[in-house]
Amino acid sequence: MSTASTNPQTLLRQLPGIDRLLASSELEPVLEAHARKQVVDGLREILDQLRSQAREGLLEMGDLEAGAIRDRLVERLERRATPYYRRVVNATGVVLHTGLGRAPLAAEAVSALTELAPHPQRVEIDLESGTRGGRELGCDLLLRELVGCEKATVVNNNAAATLLILAALARGKRVLLSRGEMVEIGGSFRIPDVMRESGAILVDVGTTNRTHERDYREAIDGQTGMILKVHTSNYRVVGFTSGVEIPALVEIGREHGVPVVHDLGSGCLVDLAAHGRPGEELVSASLEAGADLVCFSGDKLLGGPQAGIIAGSREAVDLCRKHSLFRAMRPGRLVYTALEATLRLYLGGEDEAIRKIPALRWLTATGDDLRSRARSLASRLESLEAFEIEAVECMSQAGSGSLPAREFPSWGLRLVPRAGSAGELAAELRRGEPSILTRVRDDSLLFDMRTLADGDLHDVEQRLRELSAARTATAPTA
Ligand SMILES: *Cc1c(COP(=O)(O)O)cnc(C)c1O
């Protein structure tokens, strides 16, 4: 307990008024840099704080000086000027990190946004006739070409797509789903819950590890409105397992006039197996096999903005499009714009898509390339005094339930701080500008090269230099 030498009443009387502060030379640069209203609001709040501090006996005479008040004010204004949504350098090696907004957009999608966002743009107007046209037509036409559907539509995310499809095609009807596909994705999306919300009636068939064609045949009846297949995105059942694939489900569905719907989750448009990654079912393969509808996310393997894409037969897509829930799920123009620009990148073939779409580029980056990047960064940082640094092999993940439960080899930078814990250093990196997210393992930090763009590497290097310098400057000399 410190006994204040000056009594609170005296201090309170010394508190400068707002007008005097605003006229002081100390505040001049602050007023030049910030709107007057923000400065006045800030000062009011600080003077209130000072008043209550004085009453509690926690105030010193020095706190009342204009310079001290200015410092508080500047800190407050800077804190408030930092946006919540800001750039993060992803060194975690998780390519589609839901906490970091999943797929980073391709440069082409960003320029489409930059070009169109400040202006009115075509959304629902048919420019030929001047009448109202299809809102999602720009994406629809591209998807027809890219995945081979009759028609497609777009909603806010794949969870919305699933809910809409169930409500539009199977409200009040039975929906057959393998027990092994009754999944929860990301905590808040559970297939049985979505089913109930849609008004469809879940009928689980088979067992957790094995479901056979006969299980569907025995369960199907006159009340069945859909056979649903759900990609078990975030887990894999291994060992004694079997499931029924789309071609067999389509055959059963057709025999009974029941539509087959495939929730693909990620929605892959390029053959990743050909590029050394675990194969993921292609959207076009499900449609070719006869699925009436497929749905998938725009911001997973597709590499675009958050969206849910529904593609399939004209009749089934129209049922979704005309359902009253659609209006509550339709995206804004920024999403259509970024999605169209992303889809266009697939028109030039798989290699071009992989080159231009960051998520695909990161996912398919080769060991040689990652190793040479890790080694060159390690050698540039070798001389830092505060850290022990080396290039190491590591494992990356696709993330967001894409390519489930499979890690693939990568290269990274392993860093051990010579003083303090790895956790403390990770927190410092996370809180800095730009924020850098790493993986912490025991006493070390790992920077996976897979998810770092060239500009990111530069920022990582810069920050580590700064942190090392700050640590060695304050370290006690031996
Ligand atoms: C990710 C996923 C969803 C949810 O998609 P969002 O775009 O995140 O809403 C639904 N189904 C499957 C199979 C998924 O993998």
Side-chain angles (χ1 to χ4, degrees), residues 94-105 136 139 143 152-167 170 175 177-198 200 202 204 226-237 243 245-246 249 260-269 272 278-283 285-286 291 293-312 320 325-326 328-332 335-336 338-339 342-343 359 363 397-406:
V94 180
V95 176
L96 300 166
H97 196 303
T98 300
L100 304 180
R102 291 192 185 158
L105 291 182
E136 66 271 73
C139 298
L143 284 161
T153 188
V154 184
V155 290
N156 283 325
N157 48 50
N158 192 33
T162 312
L163 178 60
L164 179 61
I165 291 172
L166 286 165
V175 174
L177 176 73
S178 165
R179 206 179 273 264
E181 294 167 10
M182 218 183 298
V183 295
E184 169 179 307
I185 291 148
S188 50
F189 181 80
R190 314 181 84 191
I191 292 291
D193 297 346
V194 175
M195 194 86 76
R196 198 175 42 247
E197 287 305 320
S198 73
L202 172 64
D204 49 63
M226 182 188 301
I227 298 176
L228 177 64
K229 185 169 182 65
V230 177
H231 189 284
T232 55
S233 297
N234 46 4
Y235 86 116
R236 266 196 312 157
V237 181
E245 297 309 317
I246 292 293
L249 293 179
V260 173
V261 174
H262 196 180
D263 174 3
L264 280 155
S266 226
C268 194
L269 267 54
L272 287 175
E280 179 87 351
E281 279 165 296
L282 291 173
V283 175
S286 274
L293 281 183
V294 298
C295 61
F296 51 98
S297 299
D299 53 351
K300 292 185 181 174
L301 289 177
L302 186 72
Q306 181 186 304
I309 294 160
I310 299 173
C320 296
L325 270 179
F326 177 83
M329 296 175 171
R330 70 178 201 190
V335 171
Y336 294 121
L339 185 59
T342 306
L343 289 170
L363 214 53
Q397 288 172 33
S400 288
S402 307
L403 317 181
R406 292 180 180 105

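Counting convention: from 1, in listed order, for ligands and their atoms alike.
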Visitor: Between S286 and V283 (side chain of the first, backbone of the second, donor and acceptor by atom type, cut-off under 3.5 Å), is there such a pair?
Guide: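 A pair under 3.5 Å: no.
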Visitor: Output the list of atoms in ligand 1 that are nearer than 4.0 Å to some heavy atom of R102, sorted by atom number.
Guide: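 In order of number, 6 (P), 7 (O), 8 (O).
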Visitor: Is there side-chain contact between M182 and L177, with heavy atoms separated by less than 4.5 Å?
Guide: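 They are in contact (side-chain heavy atoms under 4.5 Å apart), so the answer is yes.
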Visitor: Identify the heavy atoms of L325 and A167 that sit nearest to each other, and give their distance.
Guide: CD1-CB, 3.9 Å
Visitor: Which ligand 1 atoms does S297 reach within 4.0 Å, using its non-hydrogen atoms?
Guide: 5 (O), 6 (P), 7 (O)
Visitor: With a heavy-atom distance limit of 4.0 Å, tell me whether K300 approaches ligand 1 through its side chain, its backbone, both, or neither.
Guide: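 Just the side chain.
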Visitor: N/O of A307 under 3.5 Å from N/O of ligand 1, yes or no?
Guide: no
Visitor: Nearest non-hydrogen contact with atom 11 (N) of ligand 1 belongs to which option: V183, D263, T162?
Guide: D263
Visitor: With heavy-atom distances below 4.5 Å as the criterion, would you say the side chains of L343 and L269 are in contact?
Guide: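 Sidechains of L269 and L343: in contact.
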Visitor: Any N or O on H231 sitting closer than 3.5 Å to an N or O of ligand 1?
Guide: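 So ligand 1 has no N or O lying under 3.5 Å from an N or O of H231.
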Visitor: Quick check on contacts: which atoms of ligand 1 are under 4.0 angstrom from a heavy atom of F189?
Guide: 10 (C), 11 (N)
Visitor: Spell out, as yes or no, whether a donor-acceptor pair under 3.5 Å connects the side chain of D299 to the backbone of A103.
Guide: no
Visitor: Relative to the heavy atoms of A159, which atoms of ligand 1 are at a distance of less than 4.0 Å?
Guide: 4 (C), 5 (O), 6 (P), 9 (O)
Visitor: Which residues pass the side-chain contact (heavy atoms from CB on, under 4.5 Å) test with A152, sequence neighbours left out?
Guide: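 Here the qualifying residues are D140, L143, C149, A311.
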Visitor: Quick check: do L166 and M195 have side-chain heavy atoms less than 4.5 Å from each other?
Guide: yes
Visitor: Purely on distance, is any nitrogen or oxygen of S266 under 3.5 Å from one on ligand 1?
Guide: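 No; the residue has no nitrogen or oxygen that sits under 3.5 Å from a nitrogen or oxygen of the ligand.
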